[in-house]
Structures are given as structure tokens and as C-alpha cells.
**Q** 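Starting off with a structure, shown below.
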Amino acid sequence: MDIGVGVRSSGLIIAVLLALLVAACVGPGGRAPAPPRRPAQPARPVPPVADDQAMRQCFVDLAHKDARYTRLPDRDFGNGCSAIGTVKLLDMGMPTTNLGAMTCPLASKLIEWTQEALQKAAQAWLDSPIARVDSFGTYNCRPIAGTTHLSQHGRSNAVDISGFVLANGRRITVLNDWNGPDENARNFLRAVRAAARRRFNIVLGPDANADHRNHLHFDMGPGHACR
């Protein structure tokens, strides 16, 4: 047998086998199949960093208020957004729409504002008590409008109040009544803003900018401001 021929034959067999192996790893069209996509990961639990002494005291204080709530697990949603040390308010003496996760300090101040200030302001300026508070919600992972800074909504530390429904069926909204024709409605809205100023760190309304023309924004972020 010719040794050269045998070597060439062996080389040909090896080349064919390698070609078959490569073909087995390549999908239709000569492209390697894409690796399987990793499933979207849900918001991951985070260590309970909110369980410091002040936060523990907040939950003790919240338990003594005339309200029902459930404590929510700490969550990290990425991009700086989170829900740490938050609760879901179930009942605080007055129906309030769209409330989601909110930090314990925010929930505590919202309960105080609702229970101590709203009906007093309604009694002073309106002909009917308040039956319901309407809100635009709490948690929202977004920046402050017109900036790249994360809103306190992204930390579950803010709530937006849009209006009130009275027991007589009348609805008062920030959008229509802040500068509306009814002086009593205007005074009522300014009274509840003033009451909020004594409780929340940041209070913004239509006088702040156009972005707040239809709601009152309350948060427990750093600093103090009321506009």
C-alpha cells in the first residue's frame, strides 16, 4: 500500500468529520444559533436596610394610629428605584384611591393629614364633609420632570393628591378649582396645602410649576419646600 495515499485518505476523513462537527453547531443559513435568552428577572429582594431604629419606631407609631395597613417586602427595582420599609394602607378612616407602596414615614404623615386636617378644612370652607380623596398614586420609577434626578416617587416616598369628592357628590379638583371661580374651593385647597406643609418635607402644587397644575405633591425627601 502507498503510504502517501493512506495519509492523504486519513486527512480527508478527518477533514470530513470536522466539517460535520461544525455543521452540527451551525443553524440554518450558516449562522450559529443564538444562545437562549435569560428570562426577565423580577424585582429582587434586598436586605432590610430600612430596619434601623428610626424605622422601627415609625412602625410602632403607625400601629397606634387609627388605620389598617400591611407591611410590604423590601424591593430593589434597579435604576435607583426601590420600595424599602414600605406599607400598603388598607384603611385610614377615609377612602383614598390609587395608593400603592409608600415608606412608613410618608404613610404616617398622610394618615395625620387625612385624619386631622381634611375634615377641618372642609368644615371651614365647604358645605359638605369629604367622602373620598383621589390620588395619582405613590411609587413610580421616573426622574423629576425636566431633570435627570430620580423623583421621590421612585423611592416610594411621595404621593400626588388630585382631588376630593364631597359627601354631597361634588368633586373638587386641583386642576379645576385651584384658580377656579369658587373662592371657598380655592381657600379649601390652600388650607389643605398649608396643613400638608406642617407634615411633609416637600409640598408642591400649581404655584410651583406647570407640571403640578393638576395635583398636590407631598414627599418626605431631603430638604424643605412648599410652593
Side-chain angles (χ1 to χ4, degrees), residues 58 61-62 64-69 87-100 102-140 144-145 151-153 155-227:
C58 180
D61 295 341
L62 198 63
H64 289 91
K65 296 183 184 292
D66 186 18
R68 292 190 304 110
Y69 69 93
V87 300
K88 168 77 172 177
L89 286 177
L90 305 176
D91 181 13
M92 55 179 176
M94 184 179 301
T96 304
T97 64
N98 300 319
L99 293 183
M102 62 177 69
T103 62
C104 180
L106 177 67
S108 180
K109 295 303 180 182
L110 183 64
I111 292 169
E112 289 180 12
W113 179 75
T114 302
Q115 295 179 350
E116 299 171 4
L118 291 189
Q119 296 297 13
K120 289 182 180 179
Q123 183 178 4
W125 297 108
L126 305 174
D127 295 328
S128 177
I130 297 171
R132 189 185 77 211
V133 179
D134 288 336
S135 90
F136 286 154
T138 52
Y139 173 80
N140 187 347
I144 299 171
S151 167
Q152 288 297 315
H153 285 287
R155 297 186 173 94
S156 311
N157 204 29
V159 60
D160 291 338
I161 303 298
S162 59
F164 308 86
V165 176
L166 307 183
N168 64 9
R170 181 184 179 187
R171 187 164 186 258
I172 295 178
T173 67
V174 176
L175 178 63
N176 294 327
D177 295 296
W178 185 263
N179 291 314
D182 188 330
E183 181 180 5
N184 287 335
R186 297 198 306 269
N187 288 335
F188 164 76
L189 290 173
R190 283 157 177 79
V192 297
R193 181 187 64 173
R197 183 179 185 178
R198 296 190 292 271
R199 293 168 172 85
F200 302 95
N201 290 351
I202 306 295
V203 176
L204 303 174
D207 292 344
N209 53 48
D211 293 321
H212 295 87
R213 64 188 179 280
N214 61 354
H215 67 277
L216 298 174
H217 168 99
F218 307 150
D219 76 51
M220 297 302 295
H224 293 275
C226 180
R227 299 192 297 274

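Just so it is clear, the values below take in all heavy atoms, side chains as well, and ignore hydrogens, waters and symmetry mates.
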**Q** Go through the steps to decide whether Asp219 and Gln152 satisfy the test side chain to side chain donor-acceptor pair (under 3.5 Å), and finish with yes or no.
**A** CA-CA 7 Å; Asp219 76 51; Gln152 288 297 315; 5.5 Å; no
**Q** Just so I know, are the side chains of Thr173 and Asn214 near enough to count as touching, which here means a heavy-atom distance under 4.5 Å?
**A**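 Sidechains of Asn214 and Thr173: no contact.
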**Q** Using salt bridge (Lys or Arg N to Asp or Glu O under 4.0 Å) as the criterion, list what pairs up with Arg198, not counting sequence neighbours.
**A**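 Result, salt bridge (Lys or Arg N to Asp or Glu O under 4.0 Å) vs Arg198: none returned.
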**Q** From the options Thr96, Leu106, Leu110, select the one residue that forms a side chain to side chain contact (heavy atoms under 4.5 Å, CB included) with Leu89.
**A**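 Between Leu89 and the candidates, side chain to side chain contact (heavy atoms under 4.5 Å, CB included) is satisfied uniquely by Leu110.
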**Q** So with a 6.0 Å cut-off around CD of Gln123, is the heavy-atom count from everything else above 12?
**A**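 Open.
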**Q** What's the spacing between Trp113 CH2 and Arg199 CZ if we round to 0.5 Å?
**A**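 Those atoms lie 9.5 Å apart.
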**Q** Between Pro129 and Ala122, which heavy-atom pair has the shortest distance, and what is it?
**A**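 What the structure gives for the nearest pair is CA-CB, 4.4 Å.
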**Q** Do Val192 and Leu216 make a side-chain contact, defined as non-hydrogen atoms from C-beta onward lying under 4.5 Å apart?
**A**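 Contact flag for Val192/Leu216 side chains = yes.
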**Q** Between CZ of Phe164 and CZ of Phe188, what distance do you get to the nearest 0.5 Å?
**A**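 CZ of Phe188 is found 4.5 Å from CZ of Phe164.
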**Q** Show the nearest heavy-atom pair for residues Thr97 and Ser135, with the distance to one decimal.
**A**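 So the two residues come closest at O-OG, 2.6 Å.
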**Q** Going through the checks in order, is the salt bridge (Lys or Arg N to Asp or Glu O under 4.0 Å) test met by Arg132 and Asp134?
**A** CA-CA 7 Å; Arg132 189 185 77 211; Asp134 288 336; 2.7 Å; yes
**Q** If you look at every heavy atom in Ala107 and Leu62, which pair is closest and at what distance?
**A**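 That closest heavy-atom pairing would be C-CD1, 4.3 Å.
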**Q** Report, as yes or no, whether the 6.0 Å neighbourhood of atom CG on Asp66 holds more than 12 heavy atoms from other residues, nucleotides or ligands.
**A**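 No, because the 6.0 Å sphere around CG of Asp66 holds 12 heavy atoms or fewer from other groups.
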**Q** Working to the nearest 0.5 angstrom, can you tell me the gap between Ile130 CD1 and Leu126 CG?
**A**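 Result: 7.0 Å between the selected atoms.
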**Q** Does the side chain of Phe136 reach to within under 4.5 Å of the side chain of Asn98, using non-hydrogen atoms?
**A**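 No, side chains not in contact.
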**Q** How close do Asp177 and Arg171 get, counting heavy atoms only, and between which atoms?
**A**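 Between these two residues, the closest heavy atoms are OD2-O, 4.1 Å.
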**Q** How would you list all residue pairs meeting salt bridge (Lys or Arg N to Asp or Glu O under 4.0 Å) that involve residues 182-196, not counting sequence neighbours?
**A**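 Qualifying pairs: Arg170-Asp182, Arg193-Asp207.
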**Q** Run the ring-ring contact (aromatic ring centres under 6.0 Å, His included) test against Tyr69 and tell me which residues pass, sequence neighbours left out.
**A**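 By the ring-ring contact (aromatic ring centres under 6.0 Å, His included) rule, Tyr69 matches no residue at all.
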**Q** When rounded to the nearest 0.5 angstrom, what is the spacing between CG in Leu175 and OG in Ser162?
**A**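 Going from the CG atom of Leu175 to the OG atom of Ser162 covers 9.5 Å.
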**Q** What are the two closest heavy atoms between Asp211 and Ala145, and how far apart are they?
**A**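 Reported closest heavy-atom pair: OD2-CB, 3.3 Å.
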**Q** Could you please spell out the steps behind the side-chain contact (heavy atoms from CB on, under 4.5 Å) verdict for Met102 and Asn157?
**A** CA-CA 6 Å; Met102 62 177 69; Asn157 204 29; over 6 Å; no
**Q** Quick check: closest heavy atoms across Met92 and Gln115, and the distance to 0.1 Å?
**A**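 Taking every non-hydrogen atom into account, O-NE2, 3.2 Å.
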**Q** Just verifying a value: how many Å separate His215 NE2 and Ile161 CD1, rounded to the nearest 0.5 Å?
**A**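 His215 atom NE2 to Ile161 atom CD1 measures 10.0 Å (nearest 0.5 Å).
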**Q** Decide yes or no for Pro206 and Val174: does some side-chain heavy atom of the first lie under 4.5 Å from some side-chain heavy atom of the second?
**A**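 Heavy-atom side-chain distance check passes, below 4.5 Å.
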**Q** Counting C-beta onward and ignoring hydrogens, is there a side-chain heavy-atom pair between Thr138 and Leu99 closer than 4.5 Å?
**A**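 Touching, per the 4.5 Å side-chain cut-off.
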**Q** Does the side chain to side chain donor-acceptor pair (under 3.5 Å) test come out yes or no for Asn209 and His212, once each step is laid out?
**A** CA-CA 6 Å; Asn209 53 48; His212 295 87; 2.7 Å; yes
**Q** Does the Asn201 side chain pair with the main chain of Gly221, one donor and one acceptor, at a distance under 3.5 Å?
**A**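 Confirmed, Asn201 side chain pairs with Gly221 backbone.
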**Q** Once rounded to the nearest 0.5 Å, what's the spacing between atom NE2 of His217 and atom CZ of Phe200?
**A**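 Spacing of NE2 (His217) from CZ (Phe200) equals 10.0 Å.
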